[in-house]
J.: 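Got a structure for you, written out below as structure tokens; questions coming shortly.
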Amino acid sequence: MAFENPSRERIGDILASAGNIAVVGLSDKSDRTSYMVAYAMQNKGYRIIPVNPMVDGEILGEKCYHSLAEIPEPVDIVNVFRRSEFCAELAREAAAIGARVLWLQQGVVSQEAAEIAAEAGMTAIMDRCIKVEEAITMQGRTRKT
């Protein structure tokens, strides 16, 4: 069965109830898309949890973890800034930590990751920018967290 993203209304519901967003592949360089998107989401009130095995210390004032498994608190959304071939394994890791949503950024698509997410009871969103979707779906809405 071909993958289909949730409706915009459902995406808005997901964002309205989201608290912690683990950003896999978040760069510590401010000119990178992952940094700009995470910064914008942080400014909208979302808690960003950086995940990057190449960075020790902090990104955007938050402790950076080397893997999803290291995060000591619940994660609502795993937002992925990695190439498609890495996404199936990341979907397994997201399922293992009990994440509710696997979100693959714009340009990132993995049918296998979507199937893994579905089997684990997660919602999958692919090839969509979380920052753009937040701007579209949250107009006039209030976050529930």
Side-chain angles (χ1 to χ4, degrees), residues 3-84 86-110 113-145:
F3 174 82
E4 191 172 313
N5 278 314
S7 68
R8 282 258 159 85
E9 183 176 332
R10 176 73 182 115
I11 289 173
D13 292 344
I14 288 167
L15 290 168
S17 65
N20 293 340
I21 302 175
V23 183
V24 178
L26 178 53
S27 176
D28 58 352
K29 296 173 180 61
S30 63
D31 63 337
R32 297 286 175 90
T33 302
S34 62
Y35 186 98
M36 290 183 268
V37 167
Y39 177 79
M41 294 302 287
Q42 189 179 55
N43 283 338
K44 293 279 188 172
Y46 296 90
R47 167 85 191 291
I48 298 301
I49 302 173
V51 179
N52 187 328
M54 306 305 290
V55 176
D56 294 316
E58 294 185 351
I59 302 175
L60 294 171
E62 295 283 350
K63 177 178 172 42
C64 185
Y65 296 94
H66 292 153
S67 70
L68 289 171
E70 290 180 14
I71 300 172
E73 58 195 290
V75 171
D76 297 311
I77 298 173
V78 174
N79 184 214
V80 179
F81 283 90
R82 298 288 317 272
R83 292 193 317 259
S84 299
F86 298 109
C87 292
E89 183 57 34
L90 288 169
R92 289 183 194 93
E93 292 176 23
I97 66 165
R100 294 186 302 124
V101 178
L102 177 70
W103 192 307
L104 308 185
Q105 270 300 129
Q106 191 167 352
V108 183
V109 175
S110 170
E115 290 167 5
I116 292 165
E119 288 170 13
M122 287 187 290
T123 299
I125 299 169
M126 298 193 296
D127 194 23
R128 295 272 179 95
C129 176
I130 196 169
K131 176 180 171 271
V132 170
E133 293 299 316
E134 199 278 339
I136 292 168
T137 63
M138 293 300 291
Q139 289 181 359
R141 294 179 79 162
T142 304
R143 289 198 38 237
K144 297 171 186 153
T145 58

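Atom set for the values below is all heavy atoms of this structure, side chains included, hydrogens, waters and symmetry mates excluded.
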J.: Can you give the donor-acceptor pairs under 3.5 Å from side chains of residues 120-142 to other protein atoms, not counting sequence neighbours?
T.:
| unit_1 | atom_1 | unit_2 | atom_2 | d |
| --- | --- | --- | --- | --- |
| Asp127 | OD1 | Gly107 | N | 2.5 |
| Glu133 | OE1 | Arg8 | NE | 2.7 |
| Glu133 | OE2 | Arg8 | NE | 3.4 |
| Glu133 | OE2 | Arg8 | NH2 | 2.9 |
| Thr137 | OG1 | Glu133 | O | 2.7 |
| Arg141 | NH2 | Asp13 | OD1 | 2.3 |

J.: Can you tell me how far the CG atom of Leu90 sits from the OG atom of Ser67, to the nearest 0.5 Å?
T.: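 Rounded to the nearest 0.5 Å, the CG-OG separation comes out at 10.0 Å.
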J.: With a 4.5 Å cut-off on side-chain heavy atoms, are Asp76 and Tyr46 touching?
T.: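 The answer is no; the side chains never approach within 4.5 Å.
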J.: Answer yes or no: is there a side-chain heavy-atom contact under 4.5 Å between Val109 and Leu104?
T.: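 They are not in side-chain contact.
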J.: Before accepting this row, confirm whether a basic side-chain N of the pair Arg82/Glu89 lies closer than 4.0 Å to the acidic partner's carboxylate O.
T.: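 Salt bridge absent between Arg82 and Glu89.
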J.: Heavy atoms, side chains only, cut-off 4.5 Å: are Glu62 and Ile49 in contact?
T.: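 Answer no - side chains too far apart.
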J.: Please list, one pair per line, the donor and acceptor atoms closer than 3.5 Å that link side chains of residues 32-45 to other protein atoms, with sequence neighbours excluded.
T.:
| unit_1 | atom_1 | unit_2 | atom_2 | d |
| --- | --- | --- | --- | --- |
| Ser34 | OG | Ser27 | N | 3.0 |
| Gln42 | NE2 | Leu60 | O | 3.0 |

J.: Closest approach of Ala22 and Ile71, non-hydrogen atoms and distance?
T.: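 Smallest interatomic distance, heavy atoms only, reads CB-CD1, 3.8 Å.
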J.: Please tell me if the side chains of Asn52 and Leu26 come closer than 4.5 Å, counting only heavy atoms from C-beta onward.
T.: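 No, too far: nothing below the 4.5 Å cut-off.
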J.: Quick check: closest heavy atoms across Ser110 and Ser84, and the distance to 0.1 Å?
T.: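 Residues Ser110 and Ser84, closest heavy atoms: CB-O, 3.9 Å.
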J.: Would you say the side chain of Cys87 lies within less than 4.5 Å of the side chain of Val108, judging by non-hydrogen atoms?
T.: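 Yes, close enough: below the 4.5 Å cut-off.
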J.: How far does CD1 of Ile21 sit from CZ of Arg47, to the nearest 0.5 angstrom?
T.: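 That separation rounds to 11.0 Å.
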J.: Give, for atom CD1 of Ile14 and atom CH2 of Trp103, the distance between the pair rounded to the nearest 0.5 Å.
T.: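 Interatomic distance, Ile14 CD1 to Trp103 CH2, rounded to 0.5 Å: 7.0 Å.
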J.: Counting only heavy atoms not in Glu73, do more than 12 fall under 6.0 Å of its CD?
T.: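 Enclosed.
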J.: If you round to the nearest 0.5 Å, how far is NZ of Lys29 from CD1 of Ile59?
T.: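 Interatomic distance, Ile59 CD1 to Lys29 NZ, rounded to 0.5 Å: 9.0 Å.
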